[in-house]
Amino acid sequence: MSVSEIQLYEILKLKLGESEAKALVTYVNSEVKKEFENNKEILATKADIFIVKEDIANVKAEIIKWMFIFWLGQISVIIGFLLLFLKK
């Protein structure tokens with residue numbers, strides 16, 4: 001038992017009795033462990049955050065690359081239309 005569990009047990013033992021206090025402290029301890037396990041799966045570690053940042057950097061590079069390709073395509077279409085209209 002940890003210090004906080006012992007203190008809780010001592011307080012409850014005076015009010016409820018020894019067996020009820022022990023059962024309640026055990027129940028509280030199991031609920032805390034369950035909640036910790038649930039939160040442990042949800043929380044991100046530093047490695048998780050690093051992976052996400054790396055993915056974001058890669059996506060930004062891909063977006064910039066495709067923006068330039070799109071712009072070159074648009075410029076070539078505009079130049080083609082201008083040449084088409086200037087010949088007439």
Side-chain angles (χ1 to χ4, degrees):
M1 286 187 153
S2 68
V3 175
S4 60
E5 289 174 2
I6 293 171
Q7 290 173 343
L8 178 62
Y9 173 73
E10 292 298 324
I11 293 169
L12 291 174
K13 184 171 77 169
L14 296 174
K15 302 232 182 217
L16 299 176
E18 191 171 330
S19 63
E20 289 84 5
K22 191 176 219 178
L24 188 57
V25 168
T26 304
Y27 174 75
V28 169
N29 190 24
S30 67
E31 289 298 314
V32 168
K33 283 182 182 178
K34 282 183 203 174
E35 190 65 28
F36 176 74
E37 289 299 320
N38 289 340
N39 288 340
K40 189 169 82 171
E41 293 174 6
I42 296 171
L43 296 175
T45 62
K46 287 183 181 181
D48 295 336
I49 294 171
F50 176 76
I51 290 170
V52 170
K53 284 183 179 181
E54 193 174 77
D55 290 343
I56 289 172
N58 290 338
V59 168
K60 284 170 67 175
E62 285 291 315
I63 288 173
I64 291 171
K65 178 182 81 173
W66 283 106
M67 280 180 12
F68 281 117
I69 292 171
F70 176 76
W71 290 342
L72 288 174
Q74 287 296 311
I75 290 171
S76 61
V77 168
I78 290 172
I79 290 173
F81 277 130
L82 287 175
L83 291 176
L84 182 69
F85 286 120
L86 290 177
K87 283 188 177 181
K88 288 187 177 185

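One hydrophobic cluster, built from ILVMFWY side chains closer than 4.5 Å, holds both Val77 and Phe85.
To the nearest 0.5 angstrom, Asn38 atom CG is 10.5 Å from Leu43 atom CG.
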Atom pairs and distances, donor-acceptor, side-chain atoms in residues 50-57, under 3.5 Å, two or more places apart:
none

Identify every side-chain donor-acceptor pair in residues 65-72 under 3.5 Å, counting partners at least two apart or on other chains, and give the distances.
from  : atom 1 : to    : atom 2 : distance (Å)
Lys65 : NZ     : Glu62 : OE1    : 3.4

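No side-chain N or O of Thr26 forms a donor-acceptor pair with one of Asn29 less than 3.5 Å apart.
With respect to the salt-bridge test (charged N to carboxylate O, under 4.0 angstrom), the residues Lys34 and Glu37 do not qualify.
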